[in-house]
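In what follows, a structure is listed as C-alpha cells, so that the remarks can point back to it.
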Amino acid sequence: MQKRVCIIGAGPSGITALKNLIDKNLEVICYDRNNEVGGNWIYSEDESHSSVFDTTHIISSKTLSQYEDFTFDDFDTTVADYPSHDELRRYFQGYAKHFGLYGYIEFQTVVKNCKRVAKNEWHITIQQNNKERTEVFTDLVVCNGHHSVPRMPEYPGSFTGKFMHSHNYKKASPYKDKRILVIGGGNSACDVAVETSRVSKKTSISWRRGYRIIPKFFFGIPSDIVGARSAWLPIKIRSWFNDRLLTIMLGKNKLYGLQEVKTKFGQTHPTINDELLYKIRHGKVHPKVDIEKLDGDTVYFKDGTTEDIDIIIACTGYVLKHSFFDESLIDYSDGPVPLYLKMFHPEYHDLFFVGMFQPLGCIWPGSELQSKILANYLVGDWKMPSNIKKLCEREVTHPHYKQINTPRHTITVDYHAFRKALLKQLPKKWKSKQPKNISQSA
C-alpha cells in the first residue's frame, strides 16, 4: 500500500516528525494553524495558541534541548545556556530551512476533524481561508502539543476582579500598580509571580502543596547537566541524591515562608526558577497557602488570612485535548494515556503521537527519537511488538515516577530513562552518536 501520511502541527515535534518521514521518502503533508514554523514558541502580544510571554526562557539548558541532527551549535554558537523564546523560534525555523521542510507544510490550516473510516484510511477535514475540504490519508501523526487548552480551578464563592489563566498572560506592564494573586507552584506560576512583582502594587502566590524550587545553575553549571552526570544511577538513588543536593544549596522551604515539600523527588514536576526565592526574601512576592473561598475582591485562604485582590492569574496547567477527534475514539483529557513509548496506540496501528509526553527536562529531543522509530515503522524497518496491548498497559502501571494522582501528571517520563528506552529501538549506528556534549558542558 502506498503510504500518504498526515502530520498535525509544525511545532518542535511536528517538524522533526516531518523531517524523519521525508528522509524515508514517504509522502507527507503537515498542517499547521500558524503562518510559520515554531508552534508554542511563536510569541505574540495578542492572545493566541501560544502560552509563552515576552520574557520566557526555556527551563532546560540548550545542551539537553536540541535535536541531534541539527544542534544549537550547528545553528548559532551564541545561543544562551537557557535560550529565549525568540532564540527557540529562530532555531526551529532554521531547522525547517536546513532540511527543506517548508514545501511539505500547509500553513494557516485548521484541522477540524479526523475520522478513522477503516484501517489505513483517515478522512481529515481541514479549513483553509474559511473553506473546508477533506483529504484522505493512510496514517495520522498527531503533534499538536499539550499547552493550548487551559485548565481553570474552581473555588466556592465569586470573584469580582479579573480571573484569568496564565495562557493569556503576555507581559507585565498591564499589571502595574495592581494587587495580583498567582495560583500555582509550577514554572509558569513562579515566572508570572516574579515578572508581575516588578510592576505590581503587591504580588502574592498561592500554593496548595509544597514544591521544589530548583535553580538553573549548580556550581556554575546548568542544573540539568549536573543531573545528567548521575543519569547512570537508578532513578530512586538519583532522585535522593538530587534532593539532598538541593537542600544543601537552598535550605528548606520554611526559610522562605513556603510550604514544605511532602512528596518524593519526581512525584510532582520540579519548578526551575532562580528568582522566586530571591523575590520572596526581598519582600516582592508574598507566599500564601491554598484558597478557601472567594468573596467580591477578597480572597480567603485556608490558614485564615485574607487578601484584597484585583487580578487572579491561575497557572494551573492544561487539558490534554484533541478537539479534532470524536471523544469516543480518543479522549486523554483525564488520563490515563496507554501508549507504548508514549506514541503507539494499542489498537489503531495507523495513529501515532509524537511529543505527547512531559519529561523532567525537554520534550523535542525525545520527539526526534520517536520520529526516527516511527519513520522506520512506516517503511517496515521496525516491527511493532506482538504484545503491544500489554506494553501499552505497562506504560500506565509502571511509570518512571509514581506521581500524585492529578490530570497534570499522566504523561510524565524521566528524560534519561525515556531516551534510553527509545534508543533501544534504533540501529546501533545511530546510537553511537549519543549522548553529546554532556561532560564538556560547563
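Put simply, the side chain of C362 does not reach to within 4.5 Å of the side chain of L64, judged on heavy atoms.
In terms of heavy atoms, T196 sits closest to A193 at OG1-O, 3.3 Å. Annotation for I205 and A189: closest pair CD1-O, 4.1 Å, computed over non-hydrogen atoms. Minimum heavy-atom separation, N273 to I213: O-CG2, 3.5 Å. For I330 against Y332, the heavy-atom pair with the smallest separation is CG2-CE1, 3.8 Å. Contact between V142 and H322 at its shortest, heavy atoms only, is CG1-CD2, 3.7 Å. Between R151 and D334, the closest heavy-atom pair is NH1-OD1, 4.3 Å.
Judged as a ring pair (Phe, Tyr, Trp, His ring centres under 6.0 Å), the pairs with a partner in residues 215-239 (not counting sequence neighbours) are, in order, Y82-F217. The stretch residues 173-183 participates, sequence neighbours left out, in these salt bridge (charged side-chain N to carboxylate O under 4.0 Å, His left out) pairs: R179-D297, R179-D310. Applying the salt bridge (charged side-chain N to carboxylate O under 4.0 Å, His left out) test to pairs two or more places apart or on separate chains, none has a residue in residues 246-255. Residues in residues 193-207 take part in these salt bridge (charged side-chain N to carboxylate O under 4.0 Å, His left out) pairs, two or more places apart or across chains: E195-R198, R198-E275, K202-E307. Applying the salt bridge (charged side-chain N to carboxylate O under 4.0 Å, His left out) test to residues at least two apart or on different chains, the pairs with a partner in residues 91-111 are E106-R133.
Rounding to the nearest 0.5 Å gives a distance of 7.0 Å between NZ of K170 and OG of S51. A distance of 5.5 Å separates CZ of F324 from SG of C114, quoted to the nearest 0.5 Å.
Taking D331 as the reference, nothing meets the salt bridge (charged side-chain N to carboxylate O under 4.0 Å, His left out) condition, with sequence neighbours excluded. The salt bridge (charged side-chain N to carboxylate O under 4.0 Å, His left out) search around D32 returns none, not counting sequence neighbours. In this structure, the ring-ring contact (aromatic ring centres under 6.0 Å, His included) partners of H282, at least two apart in sequence or on a different chain, are Y278. Residues passing the salt bridge (charged side-chain N to carboxylate O under 4.0 Å, His left out) test with E292: none are found, sequence neighbours excluded. Shown here are the salt bridge (charged side-chain N to carboxylate O under 4.0 Å, His left out) partners of D290, two or more places apart in sequence or in another chain: K302. Here H349 pairs with nothing under the ring-ring contact (aromatic ring centres under 6.0 Å, His included) rule; sequence neighbours left out.
In this structure, H165 contributes its side chain and G317 its backbone to a donor-acceptor pair below 3.5 Å. In this structure a side-chain-to-backbone donor-acceptor pair under 3.5 Å is present from H167 to S48. Checked by atom type and distance alone, the side chain of Q358 never pairs as donor or acceptor with a backbone atom of I411 at under 3.5 Å. Judged by distance alone, the side chain of Q93 and the main-chain N or O of R90 form no donor-acceptor pair under 3.5 Å. Panel note: side chain H49, backbone G39; a donor-acceptor pair is recorded below 3.5 Å. Without hydrogens or angle criteria, T305 side chain to F301 main chain gives no donor-acceptor distance under 3.5 Å. With hydrogens and angles disregarded, no donor-acceptor distance shorter than 3.5 Å links the side chain of R208 to the backbone of G185. For the pair H345 (side chain) and E347 (backbone), a donor-acceptor distance under 3.5 Å is present. Listed for the Q66 side chain is a donor-acceptor partner under 3.5 Å among the backbone atoms of F72. Judged purely by atom type and a 3.5 angstrom limit, W207 has no side-chain atom pairing as donor or acceptor with the backbone of K288.
Remark: K216 does not engage D81 in a salt bridge, criterion side-chain N to carboxylate O under 4.0 Å.
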Test salt bridge (charged side-chain N to carboxylate O under 4.0 Å, His left out) applied to K342 and E395, step by step: CA-CA 8 Å; K342 295 293 184 286; E395 292 275 336; 2.7 Å; yes
Step-by-step side-chain contact (heavy atoms from CB on, under 4.5 Å) determination, T55 to V194: CA-CA 11 Å; T55 58; V194 166; over 6 Å; no
Audit row: N376, K24, side chain to side chain donor-acceptor pair (under 3.5 Å) steps and yes/no: CA-CA 8 Å; N376 285 338; K24 295 291 187 178; 3.0 Å; yes
Audit row: S61, D224, side chain to side chain donor-acceptor pair (under 3.5 Å) steps and yes/no: CA-CA 7 Å; S61 70; D224 59 355; 2.8 Å; yes
L258 and Y211: CA distance, side-chain angles, deciding distance, side-chain contact (heavy atoms from CB on, under 4.5 Å) verdict: CA-CA 9 Å; L258 295 166; Y211 294 85; over 6 Å; no
Full working for side chain to side chain donor-acceptor pair (under 3.5 Å) between Q108 and N35: CA-CA 5 Å; Q108 295 183 313; N35 57 12; 5.9 Å; no
side-chain contact (heavy atoms from CB on, under 4.5 Å) between E45 and D54, intermediate numbers included: CA-CA 8 Å; E45 289 192 7; D54 64 341; over 6 Å; no
Stepwise side-chain contact (heavy atoms from CB on, under 4.5 Å) test for S60 and Y415: CA-CA 11 Å; S60 54; Y415 179 98; over 6 Å; no
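Between W364 and F92, the ring center distance clears the sub-6.0 Å criterion. In summary, the aromatic rings of Y67 and H98 are positioned with their centroids too far apart to meet the 6.0 Å limit. Annotation: F344 is in aromatic contact with W382 [ring centroid separation under 6.0 Å].
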Identify every side-chain donor-acceptor pair in residues 6-21 under 3.5 Å, counting partners at least two apart or on other chains, and give the distances.
unit_1 : atom_1 : unit_2 : atom_2 : d
S13    : OG     : S367   : OG     : 2.7
T16    : OG1    : N20    : ND2    : 3.3
T16    : OG1    : Y95    : OH     : 3.2
K19    : NZ     : D23    : OD2    : 2.7
K19    : NZ     : D69    : OD2    : 3.0
N20    : OD1    : K372   : NZ     : 2.9
N20    : ND2    : T16    : O      : 2.8

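Using a 30° and 60° split on the angle between ring planes, H85 and Y43 fall in the tilted class, from 30° to 60°. Note on ring orientation: taking the six-membered ring where Trp is involved, the planes of F159 and F163 are perpendicular (angle over 60°, cut-offs 30° and 60°). Using bins of under 30°, 30° to 60° and over 60° for the plane-to-plane angle, the ring pair F75/F70 lands in the tilted bin.
For E260, the CD atom sits in a packed shell: over 12 heavy atoms of surrounding residues, nucleotides or ligands are nearer than 6.0 Å. At most 12 non-hydrogen atoms from other residues, nucleotides or ligands lie less than 6.0 angstrom from CZ of R394.
Side-chain atoms of T71 and D73 include no donor-acceptor pair closer than 3.5 Å.
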